K.L.:
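Here it is: the structure, laid out below.
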Protein chains: 2
Amino acid sequence: MGKGEETRQAILDEALALASKIGISGLSVGSLAERTGMSKSGLFAHFGSKEEMQIAVIRESQERFADVVVRPALKEPRGLPRLRAMFGNWLGWTQKIKLPGGCLLISAASEFDDQPGPVRDAVAAGQKVWRDTLAHAVGMAVEAGELRPDTDIDQFVFEMVGIVLVCQQNRRLFHDKGSDKRAFEAFDRLVRDRAATGGKRKKE
Amino acid sequence: MGKGEETRQAILDEALALASKIGISGLSVGSLAERTGMSKSGLFAHFGSKEEMQIAVIRESQERFADVVVRPALKEPRGLPRLRAMFGNWLGWTQKIKLPGGCLLISAASEFDDQPGPVRDAVAAGQKVWRDTLAHAVGMAVEAGELRPDTDIDQFVFEMVGIVLVCQQNRRLFHDKGSDKRAFEAFDRLVRDRAATGGKRKKE
DNA sequence: TACTTTTTAGCACGAACGTTCGTTTTTGTC
DNA sequence: GACAAAAACGAACGTTCGTGCTAAAAAGTA
């Protein structure tokens, strides 16, 4: 299918950029139409409702997230290298896809966490999938003997997410260039704290 | 001087509650007027502009934050006890003042981090003051010999903030009751990692 | 080229937005 | 109780919001 999908993509391009600055709920059909040079109704027809438009933005973000964060990391060897790649890719993914603002999946989470509905559901579902992916990666580091067997995997992921959240806040609110360095430092401490003593152990 | 301030306070009460659910930028003069049973213009006159209204909400939040988080913690003895009190009070402060949603200072930070203007400035300034307060508290724990002298204080605060952020996200997005427990666990690990050897010890 | 389907524009709608203004009600002071 | 000041109201402003329609234009297909 040619043209339709093409302009829809162009709309989403612009929508992602705008939403990364002013938030998902700040998106409006009018402003988006103006930016893309379309008519309000023409643009609107691609989604059917504002809510569907917001969900489309979320979905698109999640797809790009999978493209630039998850998939590249899966090419790394299992265990700590892959986990670290996930962490690093996550920290920098919005810059990689050239969003002018911050991570709109994070801000969407805080925008909609108290507003029940399909948008919130989409955000929460995505977050859960990602956390599960992280948990799985941590689990493999445990199996590989890189992390201690008694490692609380969910706790590990919990703290990992926290580091990314504060890094994002630091970067965007204070324009602190050292945020990433601090984040990696925190991550390393997180790993070191659970690092298996002695040699590596392979589960057979 | 009496009546005006009184209703202004009533407006802010309602505004805080509403904003904790839908965010600061979601506040509208109309909806707020309806909730307080006032006319739009009557309510509007108390602030002069929507932006001033938003700032007033931020300020009010910051004052309450100081009341229920900072001041009570200052009554604790310097060092780790006080630091821990700050952390604990922070985690639960929105429940204490009975906000229906989450911490609107946190969500305001992510709402406005890419939108220059006085609102953003107010949020950022408040965050900075709070982080400085935390840093000072950490510094006293170092001076007291509870944390190692080579402790990177800003890094400590950085990670501390991260824990609170992820706790908030966990609680509100996933309704995870165990968030606070995880947060305290992370905090304890943070402290233990820097704990001075031979100093006070927390029972495990 | 002709025809069908998809995509876009134009226009209008009711509602809500932030804001201004003049008027009315309430409040505090003598 | 009189009177000035403060507070609240009601109506209206021009805009923008999301969302319907219908017609025109473009794209895809034969």
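These numbers were taken from a predicted model, which means no experiment stands behind them. A note on names: the letters A, B, ... follow the listed sequences, proteins ahead of strands, and every chain is numbered from 1.
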K.L.:
What one-letter contact string describes nucleotides 11-23 of chain D from 5' to 3', where B marks a base within less than 4.0 Å of any protein heavy atom, S marks contact via sugar-phosphate atoms alone, and - marks no contact?
P.N.:
------BBBB---

K.L.:
Would the distance check show the side chain of Thr7(B) and the main-chain N or O of Ala10(B) forming a donor-acceptor pair, the cut-off being under 3.5 Å?
P.N.:
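No, Thr7(B) side chain to Ala10(B) backbone: no donor-acceptor pair under 3.5 Å.
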
K.L.:
Between Phe47(B) (CZ) and dA7(D) (P), how many Å, whole number?
P.N.:
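Roughly 13 Å, once rounded to whole Å.
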
K.L.:
With sequence neighbours left out, write down each residue that passes ring pair (Phe, Tyr, Trp, His ring centres under 6.0 Å) with Phe184(B), or none if nothing qualifies.
P.N.:
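Phe87(B).
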
K.L.:
Can you name the residues that form a salt bridge (charged side-chain N to carboxylate O under 4.0 Å, His left out) with Arg82(A), not counting sequence neighbours?
P.N.:
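Salt bridge (charged side-chain N to carboxylate O under 4.0 Å, His left out) check on Arg82(A) returns nothing, list empty.
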
K.L.:
To the closest 0.5 Å, what do you measure between CZ (Phe47(A)) and CD (Glu52(A))?
P.N.:
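It comes to 10.0 Å.
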
K.L.:
Take the protein atom CG of Leu43(B) and the nucleotide atom P of dG10(D), then report the distance between them rounded to whole Å.
P.N.:
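Spelled out: CG on Leu43(B) to P on dG10(D) is 14 Å.
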
K.L.:
For dA8(D), does OP1 or OP2 lie under 4.0 Å from any side-chain N or O of Lys3(B)?
P.N.:
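For Lys3(B), the contact criterion (side-chain N or O under 4.0 Å from OP1 or OP2 of dA8(D)) is met.
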
K.L.:
In what stems does DNA chain D take part, counting only runs of at least 3 consecutive Watson-Crick or G-U pairs whose two distances fall under 3.5 Å?
P.N.:
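The stems are C:2-26 with D:5-29, C:28-30 with D:1-3.
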
K.L.:
State whether the side chain of Glu111(B) and the backbone N or O of Glu111(A) hold a donor-acceptor pair below 3.5 Å, judged by distance alone.
P.N.:
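No, Glu111(B) side chain to Glu111(A) backbone: no donor-acceptor pair under 3.5 Å.
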
K.L.:
Please set out all donor-acceptor pairs under 3.5 angstrom arising from side-chain atoms of residues 95-109 of chain B, sequence neighbours excluded.
P.N.:
residue: Gln95(B); atom: OE1; partner: Arg171(B); partner atom: NH1; Å: 3.4
residue: Ser107(B); atom: OG; partner: Cys103(B); partner atom: O; Å: 3.4
residue: Ser107(B); atom: OG; partner: Leu104(B); partner atom: O; Å: 3.4

K.L.:
Under 3.5 Å, which donor-acceptor pairs do the side chains of residues 155-164 of chain B form with other protein atoms, sequence neighbours left out?
P.N.:
residue: Gln155(B); atom: OE1; partner: Arg182(A); partner atom: NH1; Å: 2.9
residue: Gln155(B); atom: NE2; partner: Arg182(A); partner atom: O; Å: 3.0
residue: Gln155(B); atom: NE2; partner: Glu159(B); partner atom: OE2; Å: 2.9
residue: Glu159(B); atom: OE1; partner: Arg189(A); partner atom: NE; Å: 3.1
residue: Glu159(B); atom: OE1; partner: Arg189(A); partner atom: NH2; Å: 2.5
residue: Glu159(B); atom: OE2; partner: Arg189(A); partner atom: NE; Å: 3.4

K.L.:
If the cut-off is 4.0 Å, is His46(B) near the phosphate of dA6(D), judged by side-chain N/O to OP1 or OP2?
P.N.:
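His46(B) to dA6(D) OP1/OP2: no side-chain N or O under 4.0 Å.
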
K.L.:
Are a donor atom and an acceptor atom from the side chains of Arg84(A) and Asn89(A) found within less than 3.5 Å of each other?
P.N.:
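No pair is found: no donor N or O on one side chain lies under 3.5 Å from an acceptor on the other.
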
K.L.:
To the nearest Å, how far apart are Glu6(A) CD and dA27(D) P?
P.N.:
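Nearest whole value for this atom pair: 9 Å.
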
K.L.:
Rounding to a whole Å, what distance do you find between Ile11(B):CD1 and dA8(D):C1'?
P.N.:
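So the two atoms are 10 Å apart, to the nearest Å.
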
